[in-house]
Amino acid sequence: MGQYLAPLRDMQFVLHELLQVESELKQLPNHAEIDMDTVNQVLEEGSKFTSKVLFPLNHSGDREGCRLDAATHEVSTPKGFKEAYAQYVEAGWPALSCDPEFGGQGLPVVVYNSFSEMLNSANQAWYMYPGLSHGAYACLHEHGTPEQKKMYLPKLVSGEWTGTMCLTEAHCGTDLGLLRSKAEAQADGSYRITGSKIFISAGEHDMAANIVHLVLARLPDAPAGTKGISLFIVPKFVPAADGSAGARNAINCGAIEEKMGIHGNSTCQMNMDAATGWLVGQPNKGLNAMFVMMNAARLGVGMQSLGQTEVAYQNALVYAKDRLQMRSLSGAKAPKLPADPIIVHPDVRRMLLTAKAYAEGGRAFTSFVALQIDRELNHPEEAVRKDAADLVTLLTPIVKAFITDNGWIATSEAMQVYGGHGYIAEWGMEQYVRDARINMIYEGTNTIQSLDLLGRKVLMDNGAKLKKFGAMVQAFVEENGTDEALSEFVTPLGELGGKLTKLTMEIGMKAFTNQDEVGAAAVPYLRVVGHLVYAYFFARMAKIALAKLDSGDGFYKAKLATARFYYARLLPETAMLIRQARSGAANLLELEAELF
């Protein structure tokens with residue numbers, strides 16, 4: 001069912017040549033001893049695990065799916081999933097970037113980020129089981145009591161237990177202020193949680209000894225809306241005094257959602273009937289605590305689609321080089337064969353290069369964001385930590401929305417390369433399209449991410465965070481503006497930065513009189529910002545490639561060609577997007593609902 005090989009050469013290029021992570025990490029006391037060899041060794045071992053252990057289970061897991069025993073409420077994962085997880089735990093992978101105080105290896109997030117891409121390429125559905133645990137770990141690490149950290153974090157770090165986030169209810173998705181699950185205090189300091197949640201990824205499975213659910217619910221006297229939400233730990237098994245999984249808690253899987261993709265992951269309806277739980281953080285402040293996990297999940301979903309983009313591209317490329325179909329319009333390229341391989345055809349090249357560009361742009365972008373997280377968490381200077389935190393805050397919705405939009409485009413183009421075979425399950429390509437499509441929806445739809453970016457992250461602080469990224473772009477433009485070899489990148493990059501500044505001001509002025517203008521402009525606006533980000537990183541990568549063209553390494557020639565394709569074929573989308581964003585809300589709202 002196809003193949004997957006981790007793109008180690010490009011990952012190493014991004015980490016070592018583009019971002020120069022070794023010198024960056026030397027500024028962070030917790031990571032100052034980490035060198036290139038250590039990073040490369042981790043990635044090489046990760047490549048082996050993902051290609052040899054996880055990828056062979058991807059297609060079979062999709063076809064088999066998960067099974068619920070209605071009598072016991074237990075879920076069985078596809079064949080091989082449980083055994084692969086045991087290998088994952090035994091090798092220490094869950095602890096890679098976790099705090100050594102709780103058994104973690106303490107490696108930088110930027111290293112784990114590359115491994116995360118591999119895991120998602122190899123088997124997104126499988127990786128969702130341990131992947132969600134990282135969000136639960138991060139939430140409890142920041143907001144848990146010392147006792148909660150001692151009880152739960154070592155188990156989550158080791159992988160002995162996994163974690164979930166239980167937010168959504170049938171009557172409310174994004175609008176969590178409407179949730180109805182309730183929590184009642186008990187004399188011993190615990191709570192009884194009652195309610196139902198839907199769409200809970202990895203909510204029940206057979207891969208780990210316990211599942212730590214982080215559940216949003218309301219206290220009896222809670223204020224209405226989002227100001228009255230509290231967060232609780234509700235484990236599948238209540239921990240015994242010695243820390244082992246004890247008595248079964250009253251939280252059960254009532255059904256598995258029959259969904260379009262990621263069939264190998266159990267997306268559960270979870271029911272709680274006076275389940276035992278413990279408050280995390282302050283009463284009625286649960287959404288603030290859960291945002292730690294939600295933001296981690298949003299970054300993780302972006303990595304899911306980056307992984308799908310890469311594996312779809314790899315397989316489409318192999319097919320295009322092998323499949324014979326017609327002759328090149330400019331004359332036979334393989335005259336000894338009955339037809340040319342389809343990679344000679346211009347539009348097949350367009351489809352392949354679209355996927356390749358979105359994979360390479362996304363890899364540079366997410367690695368940069370991961371490095372900013374490391375700086376935010378570890379840099380000794382407060383000002384540096386603040387700037388890094390602002391960049392992560394600004395860029396998180398773009399990671400989630402822009403990369404998942406691009407993943408849908410890229411996997412669709414990769415499937416199109418296969419022609420009719422792309423729709424046939426045995427080739428494996430249609431699974432990537434199905435899996436990628438769901439990423440645009442969960443953890444906050446891409447429209448919600450767009451509203452978050454424009455409304456909260458840009459307009460709410462008068463563009464202060466956006467200006468910090470814009471200053472990086474401007475500095476690159478000014479530094480390289482007189483370099484003729486780079487003018488094909490620097491000039492359009494500078495022009496787009498100026499257009500974005502003007503567009504932001506226009507939307508902000510409109511919003512003073514009509515907030516619907518923000519909603520009308522948000523989605524195209526996010527894609528404009530996303531393209532600015534990609535254009536910036538492609539320009540930086542092109543500069544490196546140009547300097548090393550004479551090295552004899554074809555990698556740099558390919559990188560430069562991909563950057564040129566991106567600027568010529570994908571970046572021009574911004575002209576249309578800017579016109580859409582400027583067109584206003586009237587063309588969307590003037591038609592009365594009953595006339596649709």
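No hydrogens, no waters, no symmetry mates; every other heavy atom, side chains included, goes into these values.
- Nearest heavy atoms, N288 versus H143: O-NE2, 4.1 Å.
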I would like to know whether Q431 and N58 meet side chain to side chain donor-acceptor pair (under 3.5 Å); could you show each step before the answer? CA-CA 9 Å; Q431 180 189 346; N58 190 43; 3.2 Å; yes
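- Taking the six-membered ring for Trp, Y85 and Y129 have ring centres at least 6.0 Å apart.
- Within the 4.5 Å cutoff, the side chain of F199 has no heavy atoms near those of the L167 side chain.
- Counting heavy atoms from C-beta outward, L526 and L454 have side chains that stay 4.5 Å or more apart.
- Looking only at atom types and distance, the side chain of N113 has no donor-acceptor partner in the side chain of R363 under 3.5 Å away.
- Taking both residues in full, the closest heavy atoms of S181 and E169 are given as OG-OE2, 2.7 Å, listed atom of the first, atom of the second, then distance.
- When ring centroids are compared, F402 and Y534 come within the 6.0 Å threshold.
- In this structure the side chain of M128 never reaches within 4.5 angstrom of the side chain of N120, judged on heavy atoms.
- For the residue pair E310 / Q314, a side-chain donor-acceptor distance below 3.5 Å is found, with atom types taken as modelled.
- For the pair P154/V157, no side-chain contact is recorded, criterion being any heavy-atom separation below 4.5 Å from C-beta on.
- No side-chain donor-acceptor contact under 3.5 Å links N295 and T396.
- When ring centroids are compared, F81 and H205 stay outside the 6.0 Å threshold.
- A heavy-atom distance below 4.5 Å is not found between the side chains of C253 and Q269.
- In this structure, the side chain of E64 engages the main chain of K79 through a donor-acceptor pair within 3.5 Å.
- When only modelled atom types and interatomic distance are considered, Q124 and N439 share a side-chain donor-acceptor pair under 3.5 Å.
- Side-chain contact, K400 with N446: a donor N or O sits under 3.5 Å from an acceptor N or O.
- Counting non-hydrogen atoms of neighbouring residues, nucleotides and ligands closer than 6.0 angstrom, the CZ atom of R456 reaches no more than 12 such neighbours.
- Side-chain N/O atoms of T267 and K259 include a donor and acceptor closer than 3.5 Å.
- A salt bridge between E430 and R434 is present, with a side-chain N of the basic residue lying under 4.0 Å from a carboxylate O of the acidic one.
- Looking only at atom types and distance, the side chain of Y313 has no donor-acceptor partner in the side chain of Q308 under 3.5 Å away.
- Side-chain contact check for T164 versus L214: every heavy-atom pair is 4.5 Å or farther apart.
- Residue-environment remark: CD (Q186) exceeds the threshold of 12 foreign heavy atoms within 6.0 Å.
- Close placement of the F232 and Y191 rings is indicated, their centers lying within 6.0 Å of each other.
- The closest side-chain heavy-atom distance from T276 to V234 is not below 4.5 Å.
- Shown here for V523 and S450, the closest heavy-atom pair between the two residues is CA-OG, 3.6 Å.
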Go through it in stages, so that I can follow the logic: the residues are Y432 and W408, the test is ring-ring contact (aromatic ring centres under 6.0 Å, His included), and I'd like the CA-CA distance, side-chain angles, deciding distance and then a yes or no. CA-CA 9 Å; Y432 301 137; W408 167 244; over 10 Å; no
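- Checked against a 6.0 Å centroid threshold, the rings of F115 and W93 count as neighbours.
- Residue K149 qualifies as enclosed at atom NZ: its count of foreign heavy atoms under 6.0 Å is above 12.
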Test log, rule side chain to side chain contact (heavy atoms under 4.5 Å, CB included), inputs L15 and S114: CA-CA 9 Å; L15 296 178; S114 294; 3.8 Å; yes
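- For CZ of R180, the number of neighbouring non-hydrogen atoms (other residues, nucleotides, ligands) closer than 6.0 Å is 12 at most.
- With contacts defined as side-chain heavy-atom distances shorter than 4.5 Å, the pair N30/L28 does not qualify.
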